[in-house]
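Order of the sequence lines fixes the chain letters, A, B, ..., with proteins taken first and strands second; residue numbering starts at 1 for each chain. Values in this document were obtained by computation on a predicted structure and should not be read as measured data.
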There are 2 protein chains.
Amino acid sequence: MAKTISEIAEETGYSRTTITMVLSGRASEYRISARTQKIIQDYVAEHGYTINQTARNLKTRRSHTVGFVAPEIANPFFARFMASLEACCRAEGLVLITTSSGEDPALEVRALQSLMERGVDALVLAPCAPRPPASARKRGRRTPMVLVDRHYPGDSVEAITSDHRENARLLTAAVMASGAERVVFFCGHPDNPAIAERIAGFREAAGDGEKARVLTADDDSAAAGEAMMQALLADGGELPSALVCSSLLVLEGALQCLKQARSAVPPEMIIATFDYDGFLELLPNTVIVIRQDEAALARAAFSSIAAQIGGKPAAEGTRTIVDAELVRLNATA
Amino acid sequence: MAKTISEIAEETGYSRTTITMVLSGRASEYRISARTQKIIQDYVAEHGYTINQTARNLKTRRSHTVGFVAPEIANPFFARFMASLEACCRAEGLVLITTSSGEDPALEVRALQSLMERGVDALVLAPCAPRPPASARKRGRRTPMVLVDRHYPGDSVEAITSDHRENARLLTAAVMASGAERVVFFCGHPDNPAIAERIAGFREAAGDGEKARVLTADDDSAAAGEAMMQALLADGGELPSALVCSSLLVLEGALQCLKQARSAVPPEMIIATFDYDGFLELLPNTVIVIRQDEAALARAAFSSIAAQIGGKPAAEGTRTIVDAELVRLNATA
DNA sequence: ATGAAAGCGCTAACAA
DNA sequence: TTGTTAGCGCTTTCAT
């Protein structure tokens with residue numbers, strides 16, 4: 001921690017104020033003489049100085065810090081989102097503090113609590129459970145906050161999400177337009193509102209007859225994908241002509257299971273999923289993907305909290321939709 | 001922020017000390033009467049209290065915070081490492097603050113600086129450039145630190161890494177044992193010491209004759225993989241019997257390029273790479289992978305900083321090796 | 001069993 | 001042009 005302002009003041013013979021002013025770059029504003037500035041600069045160049053942000057934060061009640069609580073940072077979607085959000089923050093001199101809840105509501109609460117105790121200027125949350133109504137939360141200056149990706153009905157905080165329902169509808173429609181007759185949708189974690197919306201969208205496009213089945217699992221993982229595929233295979237009968245998955249993890253598990261059971265993924269099966277992975281391009285199958293725009297989501301989330309930090313009253317219950325892209329790989333194959 | 005300790009003291013009629021004691025769970029230790037405790041507990045239950053960690057940190061000179069600077073958090077290896085490290089931290093009541101440098105040395109310096117200003121108790125760094133020698137850094141109580149994944153020669157800080165050279169040797173040997181005759185190694189970013197070591201290991205196993213070529217690119221990206229594949233194809237001649245890549249991104253780019261050029265990745269080509277991705281299992285090719293143990297790396301890094309925080313003098317220049325796993329996919333295919 | 005008081009390092013209004 | 005001063009909210013030693 002090198003020297004403190006007091007020490008520098010002591011040792012150069014100037015007052016703390018003077019030192020503060022030149023170190024914070026407001027020397028001219030306070031008309032510190034060039035000579036004084038130089039003396040102080042030189043002293044610092046020699047002895048070093050790292051500001052103690054803790055003390056500064058305590059005094060100014062700003063931490064120049066934004067908290068982000070992700071359900072699972074190992075999920076590439078959130079990793080990319082985090083990278084974009086961090087870039088937004090850095091551009092404004094803010095530091096992003098990322099934490100993950102592991103999809104555990106109790107951990108989510110603890111993470112939020114911990115970030116607030118540390119005085120973050122704003123919070124970005126991808127919730128894994130509905131939050132208690134505002135009235136139940138303790139009063140006091142509430143920290144600016146924005147929800148991303150997921151939105152539980154009734155939450156009054158602004159949410160930035162993709163239109164999961166519409167995207168699922170488009171994806172499913174594209175699958176059917178490619179000639180699929182029997183379509184199966186594998187869903188991890190249907191309690192998650194994003195997933196629930198995807199199911200709704202799937203139903204809109206595919207109907208709910210015999211030829212459009214939805215299988216669900218308790219969580220969003222490769223194991224869940226495997227389990228659903230096993231259930232499907234156990235049913236006997238022929239494979240569907242298209243497989244739609246709610247996430248890359250589920251897809252991965254499902255395809256691995258299929259490969260084990262049938263020695264290969266049938267190349268004529270249409271594969272559809274949310275989120276992009278480069279290796280999908282290598283499959284011989286037609287692959288259709290909804291690719292969310294993590295950078296745009298991050299920008300939207302950031303501009304919301306920036307506005308709130310700037311004093312703009314939070315837009316209660318607003319929901320902002322960010323467009324996603326429908327990508328078709330191997331369309332020519 | 002609800003109430004402060006002073007306010008609670010004021011409004012309940014007790015002193016700040018008493019409030020502190022019961023709120024920090026040391027009531028019995030200080031023999032606060034049960035009645036007093038109850039009164040205070042009730043008051044807090046009704047009005048709420050969130051401790052101001054900023055003030056606490058300032059006083060105690062501990063932030064219960066660990067900083068992690070990753071080169072690129074969107075890289076799944078670092079994302080998984082971060083998730084594991086966070087779990088270690090949480091178990092000890094520490095909060096992990098993750099930041100990324102984007103492989104930019106200037107950003108790395110800024111990130112470290114910013115974390116130190118914020119008073120993190122320790123730093124975990126995956127460096128993207130050699131750091132200035134300790135003597136050049138400003139004196140003062142140095143923050144406990146550990147390097148991960150990469151280690152620039154001459155750095156005196158403890159490093160936790162895989163044995164990149166040996167792993168590359170094993171990987172290459174496994175490839176050759178599978179019958180590959182002509183082997184090509186695509187490398188992103190050879191300035192990175194981890195990559196340089198991998199090249200050395202490759203050479204050990206494959207020699208440096210005509211049949212063992214190394215191509216390099218300036219960065220670690222899919223674009224780099226594509227460029228190297230294009231260069232290889234432009235050379236004419238037949239494809240190598242095995243392709244080794246320094247990272248998943250490079251592999252992805254290389255294979256996509258190959259697919260474009262030859263309509264498909266030749267299924268008899270052996271593919272080898274570092275780091276695992278579930279979709280690799282779906283390729284018809286024999287795929288051999290070095291799978292690093294992110295959780296073990298995280299545990300080792302954490303135990304090092306925990307020891308340093310606990311006052312153990314840093315083990316100068318120590319290098320700790322964490323075993324990786326050689327995985328062969330589709331060996332039967 | 002409880003309280004008083006000093007002070008962590010910094011900022012900023014006000015004085016000089 | 002520079003200095004004085006009063007805290008920010010908390011912990012902790014020492015009194016009572």
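Rounded to a whole Å, the CZ atom of B:R118 is 18 Å from the C1' atom of C:dC8. Distance B:R61 CZ to C:dG7 P: 13 Å, rounded to the nearest Å. Rounded to a whole Å, the CD1 atom of B:I8 is 17 Å from the C1' atom of C:dG3.
Residue side chain B:T17 reaches the base of C:dA4 through a donor-acceptor N/O pair under 3.5 Å, judged by distance alone. Between the side chain of B:T36 and the base of C:dT2, no donor-acceptor pair of N or O atoms lies under 3.5 Å. Side chain A:R16 to base D:dT4: no donor-acceptor pair is found below 3.5 Å. Between the base of C:dG9 and the side chain of A:K59 there is no donor-acceptor pair shorter than 3.5 Å. With hydrogens and angles ignored, no donor-acceptor pair under 3.5 angstrom links the side chain of B:T18 to the base of C:dA1.
Between A:D149 and A:F78 the shortest side-chain heavy-atom distance falls below 4.5 Å. Using a 4.5 Å heavy-atom threshold, the side chains of B:V95 and B:V66 count as separate.
Side chains of A:S304 and A:E158: a donor on one and an acceptor on the other come within 3.5 Å.
The side chain of B:L58 sits closest to D:dG9 out of D:dG9, C:dC10, D:dG3. For B:M21, the listed nucleotide lying nearest its side chain is D:dT12; candidates were D:dC10, D:dG9, D:dT12.
A side-chain donor-acceptor contact under 3.5 Å links B:S63 to the backbone of B:G119.
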